[in-house]
Structures are given as structure tokens and as C-alpha cells.
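Atoms within a ligand are numbered from 1 in the order they appear, just like the ligands themselves. What you see is a predicted model, and the numbers here were worked out from it, not measured in a lab. All heavy atoms count here, side chains included; hydrogens, waters and symmetry mates do not.
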Amino acid sequence: MALYQHILIAADFSNHTDMVIHRAKALAAANNNTRLSLCHIVEDFPLTDFAYEPMISVDADMRDALLNAGEKQLSLLGEKFGIDTDSQWIEFGSPGRDIVRIAEENNVDLIVVGSHGRKGIKMLLGSTANAILHHASCDVLAVRLQDES
Ligand code: AMP
């Protein structure tokens, strides 16, 4: 039996996304072509004045526009890498929390994410890869990415 039955790729649409997907595809191929899925989380980003509370959050229209744009991006990635639309999820929320939830709801046994290997203060600020590693009940593969800076 294959080591993994269902691999979920967390795609943030950065320049590193292809590399993360290539790594996941290689793993899937080595595991009897196990099921591969893609997900993207559109984040809410409240505009904040440093001295005050968050002032403006994403409204419903903007949220729909962002979800539609994200859906197109995800579907292009799916076409490029041969991942069906019924194995693609796009949602509005928090990547660290919602990627783990999507994995649990769909019997995923490996989540593949990119990792920038932040150090010092950047690490203290946290990262999506870190959040997933801490909360996922399944295995997590953090693909080391080379930072530009
Ligand atoms: P970050 O911690 O934001 O540098 O992201 C590390 C990795 O987490 C990325 O390479 C993606 O695999 C994943 N990730 C980050 N943000 C998102 C997102 N909005 N949707 C899906 N995956 C994400």
C-alpha cells in the first residue's frame, strides 16, 4: 500500500509555488500515483492604523472578487500540473488554520508547504508553515525555499 493516500499542496501563488508542486508530484509518483489536491486561502487583511484598532476589513464584494481571481489562478495551476477541479479548494480565511481544516475534512495524510527558513525576529513573527506544522494531525512536508533577500 502507498505510504500516502492523499497529498494536499498549499499554494500561495508566489514564484515558489511551482517548486512546491513539483516536489509533491514527485512524492505522489513514488507513491503509486496517490491523489494530489491543491488549496489556496484568500486572507482577510484589515487595514490598520498603528495607533488604533483595525479600521477596514475586506467587504463582501471585494471578497468575492478575490475569491474569483484566486479560483482562476488555482484552475490554471491545476491545468498546468494535471490536478482536477474536484481536487482544488479555495476559501476565505486564515491559511494556518484553514489549510489544516481542509486537510482533516478530506482525509489528507500529507500536507506539502513551502518554508522560507526564517531566523530571529522573522521567525518570532510566525509563518504559515510553522502554524501548519503545529496544528496538523497528519504529516507535513516543508519544502525549503531560497529567499531572494
Ligand atoms: P509563508 O509562511 O507565508 O512564507 O508561506 C509558506 C508556505 O505556506 C507557502 O510556500 C505555501 O505553501 C503556504 N501558504 C502561505 N500562504 C498561503 C495561502 N494563502 N494559501 C495557501 N497556502 C499558503
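Within the 4.5 Å cutoff, no side-chain heavy atoms of Q5 are placed close to those of N107. Counting only heavy atoms from C-beta outward, the side chains of F81 and H22 approach each other to under 4.5 Å.
No chain of hydrophobic side-chain contacts below 4.5 Å, direct or via other Ile, Leu, Val, Met, Phe, Trp or Tyr residues, connects L110 to I132. Cluster membership for I7 and V20, using ILVMFWY side-chain heavy atoms within less than 4.5 angstrom, is shared. Cluster annotation: L77 and V42 are assigned to the same hydrophobic cluster (Ile/Leu/Val/Met/Phe/Trp/Tyr, side-chain heavy-atom contacts under 4.5 Å, transitive). Linking ILVMFWY side-chain heavy atoms closer than 4.5 Å, directly or via other members, places V113 and L133 in a single hydrophobic cluster.
If you number the atoms of ligand 1 from 1 as listed, the ones under 4.0 Å from a heavy atom of S127 come out as 2 (O). Near H116, meaning under 4.0 Å from any of its heavy atoms, are these atoms of ligand 1: 4 (O). Using a 4.0 Å cut-off to heavy atoms of A11, the atoms of ligand 1 that qualify are 20 (N), 21 (C), 22 (N).
Of the heavy atoms in P95, only side-chain atoms (C-beta onward) come closer than 4.0 Å to ligand 1. No part of S115 comes within 4.0 Å of ligand 1, judged by heavy-atom distances. Heavy atoms of I99 found under 4.0 angstrom from ligand 1 belong exclusively to the side chain. Contacts with ligand 1 closer than 4.0 Å are made by backbone heavy atoms (N, CA, C, O) of C39 only, the side chain lying farther away. For H40, heavy-atom contacts with ligand 1 shorter than 4.0 Å involve the backbone as well as the side chain.
Aromatic ring pairs are classed by plane angle as parallel below 30°, tilted from 30° to 60° and perpendicular above 60°; the pair F13 and H40 is parallel.
Taking only nitrogen or oxygen atoms, main chain and side chain alike, I41 reaches within less than 3.5 Å of ligand 1. Backbone and side-chain nitrogen or oxygen atoms of V113 are examined, and none is located within less than 3.5 angstrom of a nitrogen or oxygen of ligand 1. Ligand 1 has an N or O atom lying under 3.5 Å from an N or O atom of G114, backbone or side chain.
Counting all heavy atoms, side chain and backbone alike, A28 lies closest to L36 at CB-CG, 3.8 Å.
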